[in-house]
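The structure displayed is predicted, hence computed values, not measured ones.
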Amino acid sequence: MPSSKIMSLEDAVSRHIQNGDSVVMGACLESMIPFAAAYEIVRQKKKDLTLIAPISDILFDILIGAGRARKIIAAWSGNVSAGLGYNYRRSIEQGIPHRIEVEDHSNFSLGLALLAGSMGVPFLPTRSLLGTDLLKSNPRFHVQSLGEETLVYVPSLNPDVAILGVQRSDIEGNAHFWGNLGLFQEAGMSSRKVILLAEEIVPKEVIASDPNRVMIPGFKVTAVVHCPGFAHPSPVPGYYKRDHDFFTEYHRETKKLEGFKNWLNTWVISINSHNEYLARLGQRFEKLKVKEPLFAAPVNYAYR
Amino acid sequence: MEYTTEELMVVAAAREIRDSEIVFVGMRLPMLAFCVAKRLHAPNAIGFFECGIVRDEPPEELLYTMGDPANIAGASWCTSTNNLMFLMQQGLIDIGFIGGAEIDQYGNVNTSYLGDYTSPKVKLPGSGGAADIACLSNRLMVIMPHEKRRLVKNVNYITSPGYGTGPGWRQETGLPRGGIKALITNLGILRADKVTKVLIVDTIHPGISKEQIIENTGWDIQFSPDCSETPPPTEEELEVLRSIDPKGFWTKRQTSEVKTPQ
């Protein structure tokens with residue numbers, strides 16, 4: 001019998017995320033962001049986290065406002081369809097709830113940092129970022145000339161934990177992912193632990209029927225959480241659409257600190273579990289679910 | 001036909017895309033500009049979306065973000081952000097679009113910090129892929145509201161480089177190519193002077209005066225000798241644009257939410 005890595009969201013966060021850990025969340029940019037895990041991190045009051053992602057929409061803003069972050073390593077932090085992140089601003093400009101550290105990146109340099117971590121090398125070079133002030137505000141970049149070539153050397157990242165969303169997984173963490181990858185693969189390959197949130201748990205044979213759709217090997221996965229709706233308000237291709245209004249409402253309601261506290265209480269703190277969150281969304285979530293299937297053509301792995 | 005300023009800006013951006021070009025599509029208005037160009041004068045253009053999507057057909061639904069599932073369905077490639085950046089680093093991207101909070105006379109864009117970065121007055125969202133597009137694409141297009149506090153003589157933080165401090169700067173810095181080719185604002189279109197690399201006014205939008213542009217620009221703005229009026233959107237361009245964004249989510253609402261807060 002294969003050993004099951006299935007556990008509850010509560011257990012995965014409590015056992016596998018320690019105070020002070022560096023955690024990748026939102027590796028795919030605007031889609032498949034593991035909001036359910038972020039909410040659980042708030043409920044369990046994990047603290048001093050270093051959050052890593054290229055662009056994770058409002059997830060970082062929520063965790064910063066809730067006081068869970070010590071530092072962010074990111075290319076962009078805000079509200080993708082609505083504007084700036086007010087908690088991010090309050091933290092940096094006014095020290096509310098405390099001033100976080102920022103390690104500035106671009107999408108490419110963060111991608112190279114995680115790729116370097118995946119490759120097991122300390123740096124990767126790029127022609128990007130030359131002439132930018134990211135080289136000043138983030139002194140971890142090194143600029144070096146070799147002959148006539150000047151390159152930026154991006155230091156590697158090996159995060160403690162990657163929290164990644166997938167469409168379906170087996171109980172051992174062999175999983176199918178489809179859609180745009182962002183830095184999904186680099187995040188999973190470079191991190192010491194991987195927590196998978198899956199819309200569905202399926203038999204191993206389903207995954208093995210299409211191994212090309214597996215982005216990271218099951219043996220790299222530490223925990224598998226069956227967590228339908230994990231990405232709301234962000235989308236999961238084939239399952240549900242993006243809840244655009246949720247982002248607009250968040251933007252409107254969190255402009256003032258008091259408003260954010262109310263928002264956090266309504267959507268996170270006063271809720272005990274992800275299932276309660278889905279129940280609070282009610283029909284709103286039902287409406288986001290895709291109604292018409294759009295299947296890919298089957299692929300043939302025949303060998304005899 | 002009546003049109004909004006945002007519609008004019010989208011159409012102006014679309015006209016910068018030539019047929020068969022590879023376009024690094026940014027958020028907001030450029031997502032629409034790419035679709036308009038595809039349907040009209042650039043049917044063979046290819047769109048790169050930094051979340052890891054390549055399309056040769058516009059999506060069937062209006063996008064709120066490039067990661068919306070409608071952008072994945074029917075894509076020609078779903079891949080990693082890194083793979084797209086690798087191709088851009090090789091020089092394969094003809095034209096890339098970004099927005100910004102501040103831009104200076106040499107087309108350097110700031111989307112990171114207002115004020116000293118160690119204790120900023122305003123923390124802006126950051127680069128995203130903008131720094132990469134500005135460094136590595138062949139032609140950079142910037143789309144921004146035209147205000148004095150946004151079009152400043154020198155930005156105090158360069159997120160996305162234009163021509164740096166002037167002619168020769170990109171080469172000296174080691175940047176392989178590129179530079180700003182147009183700044184599209186709600187008042188006109190600015191392009192870099194061939195010699196000085198300073199942005200000058202190339203066309204003025206219908207109904208806008210030179211004085212308005214002078215008043216709203218933070219440096220001693222010059223006008224091209226053959227400065228003309230921006231051609232208004234044609235009926236065909238507007239029809240296509242409105243078929244993509246029927247409710248005018250991106251083109252009719254106030255742009256206040258992308259403005260820098262006071």
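Summarising the geometry of A:Leu294 relative to B:Ala73, their closest heavy-atom pair is CD2-CB, 3.7 Å, with the distance given to 0.1 Å. Contact record, A:Ser128 with B:Leu136: CB-CD1, 3.8 Å, taken as the closest heavy-atom pair. Considering all non-hydrogen atoms of both residues, A:Ser109 and B:Asp132 come closest at N-OD1, 4.5 Å. Contact between A:Val80 and B:Arg28 at its shortest, heavy atoms only, is O-NH2, 3.3 Å. Heavy atoms only, all atoms of each residue included: B:Cys51 and A:Cys28 are closest at CB-O, 4.2 Å. Closest heavy-atom contact between B:Ala131 and A:Leu129: CB-CD2, 3.8 Å.
A:Glu30 places no side-chain N or O within 3.5 Å of a backbone atom of B:Asp68 that could act as its donor or acceptor partner.
Counting heavy-atom pairs closer than 4.5 Å to chain B, the top residue among A:His105, A:Gln94, A:Lys136, A:Gln185 is A:Lys136. Chain B forms more heavy-atom pairs under 4.5 Å with one residue of A:Pro235, A:Ser137, A:Ala296 than with any other, namely A:Ser137. Comparing A:Trp178, A:Tyr88, A:Phe108, A:Trp76 by heavy-atom pairs within less than 4.5 Å of chain B, the highest count is held by A:Phe108. The residue among B:Gly128, B:Cys135, B:Gly174 with the most heavy atom pairs within less than 4.5 Å of chain A is B:Gly128. By number of non-hydrogen pairs under 4.5 angstrom with chain B, the leading residue of A:Lys241, A:Glu149, A:Met32, A:Glu186 is A:Glu186. Chain B forms more heavy-atom pairs under 4.5 Å with one residue of A:Thr150, A:Leu110, A:Val143, A:Leu183 than with any other, namely A:Leu183. Ranked by non-hydrogen atom pairs under 4.5 Å with chain A, the options B:Gly52, B:Pro125, B:Gly115, B:Cys78 are led by B:Pro125. Between chain B and the residues A:Ala27, A:Ser31, A:Gly182, A:Gly85, the most heavy-atom pairs under 4.5 angstrom are made by A:Gly182. Listed options B:Pro161, B:Ala70, B:Ser80 were ranked by heavy-atom pairs under 4.5 angstrom with chain A; first place goes to B:Ser80. No other option in B:Trp169, B:Tyr157, B:Tyr117 has as many heavy-atom pairs under 4.5 Å with chain A as B:Tyr157.
Atom CD1 in B:Ile53 sits 4.0 Å away from atom CG in A:Asn180 (nearest 0.5 Å). Expressed to the nearest 0.5 Å, how far OG1 of A:Thr126 lies from CG of B:Asn82 amounts to 9.5 Å. The structure places NZ of B:Lys123 at 9.5 Å from CZ of A:Arg99, a figure rounded to the nearest 0.5 Å. Considering OH of B:Tyr64 and CG of A:Asp243, their distance stands at 11.0 Å, rounded to 0.5 Å. Between the CD1 atom of B:Ile133 and the OG atom of A:Ser106 there is a distance of 10.0 Å, given to the nearest 0.5 Å. Taking CD1 of A:Ile92 as the reference point, atom CG of B:Leu124 lies at 11.0 Å (rounded to 0.5 Å).
Scanning residues 84-96 of chain B against chain A with a 4.5 Å non-hydrogen threshold yields B:Met85, B:Phe86, B:Gln89, sorted by number.
Using a 4.5 Å cut-off between heavy atoms, B:Asn156 touches chain A through its backbone atoms (N, CA, C, O) alone. Only the side chain of A:Leu29 has a heavy atom closer than 4.5 Å to any heavy atom of chain B. Using a 4.5 Å cut-off between heavy atoms, B:Trp77 does not touch chain A at all. Interface remark: A:Phe184 contributes no atoms to any contact with chain B (heavy atom separation under 4.5 Å). Residue B:Ile72 touches chain A through its side chain alone, counting heavy-atom pairs closer than 4.5 Å. For A:Leu112, the parts lying near chain B are the backbone and the side chain together; criterion is any non-hydrogen pair under 4.5 Å. Looking at B:Phe49, there are no atoms closer than 4.5 Å to chain A (heavy atoms on both sides), in backbone or side chain. Residue B:Thr118 touches chain A through its backbone alone, counting heavy-atom pairs closer than 4.5 Å. Residue A:Arg90: no heavy atom, backbone or side chain, is found under 4.5 Å from chain B. Interface residue B:Pro176: only side-chain heavy atoms are found under 4.5 Å from chain A.
Counting non-hydrogen atoms of neighbouring residues, nucleotides and ligands closer than 6.0 angstrom, the CE atom of A:Met189 reaches no more than 12 such neighbours. More than 12 heavy atoms of other shown residues, nucleotides or ligands fall within 6.0 angstrom of atom CD in A:Glu286. Annotation for A:Lys255: atom NZ does not count as buried by contact number, only 12 or fewer foreign heavy atoms lying within 6.0 Å.
Tested against B:Thr159 for a side chain to side chain contact (heavy atoms under 4.5 Å, CB included), the candidates A:Leu134, A:Thr132, A:Asp133 yield a single pass: A:Leu134.
Within the 4.5 Å cutoff, no side-chain heavy atoms of B:Ser127 are placed close to those of A:Asp104. With contacts defined as side-chain heavy-atom distances shorter than 4.5 Å, the pair B:Val122/A:Glu93 qualifies.
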